[in-house]
Amino acid sequence: MALLLQVENGVAKSKFEIDKPMLRIGRSSHNDLMIEDAEVSGEHCVIEKLAKSDKNHEYEYFIQDLDSTNHTFVNGAKITRHALKHNDTIRVGWKYFKFIDESQLSAEETRKIHKSWIPGVYYTK
């Protein structure tokens, strides 16, 4: 399953599951994800969930800007259509979302915490 986490100042505020073939995002009330923000177009962008033809129950996700006034950004770059990957950051207006693809979570290695020579300071590699 995939989802969007709305992030504000580094803190997750809301979670939106991508549980249907198309998730419409915009300011109008008929969108699946309505964003009350004057910088967001009525129909701003859409996330498509497409089945991978060679794998059962695995999906690819694409975000497409719908000719919005202020554009859609993924990882800081303006996009028209973009294949989403786990941990991508999406900006719609001034709202930020983190794309989470739970099918890719198991592929990530757990980072090891290392103690530095400075007392009380730890880091990861």
Side-chain donor-acceptor pairs of residues 14-25 under 3.5 Å, sequence neighbours excluded:
from	atom 1	to	atom 2	distance (Å)
K20	NZ	D32	OD1	2.6

Donor-acceptor pairs under 3.5 angstrom involving side-chain atoms of residues 3-11: please list them, not counting sequence neighbours.
none

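Inter-residue side-chain proximity for V74 and I63 is flagged as met; some heavy-atom pair is nearer than 4.5 Å. Looking only at side-chain heavy atoms (C-beta outward), F97 and L33 come within less than 4.5 Å of each other.
Residues passing the salt bridge (charged side-chain N to carboxylate O under 4.0 Å, His left out) test with E48 are R81, sequence neighbours excluded. For E43, the side-chain hydrogen bond (donor to acceptor under 3.5 Å, both in side chains) criterion is met by H30, not counting sequence neighbours. Judged as a side-chain contact (heavy atoms from CB on, under 4.5 Å), and not counting sequence neighbours, the contacts of S29 are M34. Taking the ring pair (Phe, Tyr, Trp, His ring centres under 6.0 Å) definition, one finds that F99 meets it with Y61, sequence neighbours left out.
Other residues, nucleotides and ligands contribute more than 12 heavy atoms inside 6.0 Å of the CG atom of N75.
To the nearest 0.5 Å, the span separating CG on L84 from NZ on K49 amounts to 13.5 Å. For the atom pair CG of N70 and CD of E39, the computed distance is 6.5 Å after rounding to the nearest 0.5 Å. Taking CD1 from I47 and NE2 from H82, the interatomic distance works out to 11.0 Å, rounded to the nearest 0.5 Å. Interatomic distance, CD of Q64 versus NE2 of H44, reported as 12.0 Å (0.5 Å rounding). Atom CG of L66 sits about 9.0 Å away from atom OG of S41, to the nearest 0.5 Å.
When every heavy atom of C45 is checked against every heavy atom of V92, the shortest pair comes out as SG-CG2, 4.0 Å. Across every non-hydrogen atom of K78 and F73, the tightest pair is N-CD2, 3.4 Å.
At a threshold of 4.5 Å between side-chain heavy atoms, the hydrophobic network of Ile, Leu, Val, Met, Phe, Trp and Tyr places I90 and I100 in two separate groups.
In terms of modelled atom types and a separation under 3.5 Å, the side chain of D37 and the main chain of G93 share no donor-acceptor contact.
At a threshold of 4.0 Å, the pair K52-E60 does not count as salt-bridged, since none of the basic side-chain nitrogens sits closer than that to a carboxylate oxygen.
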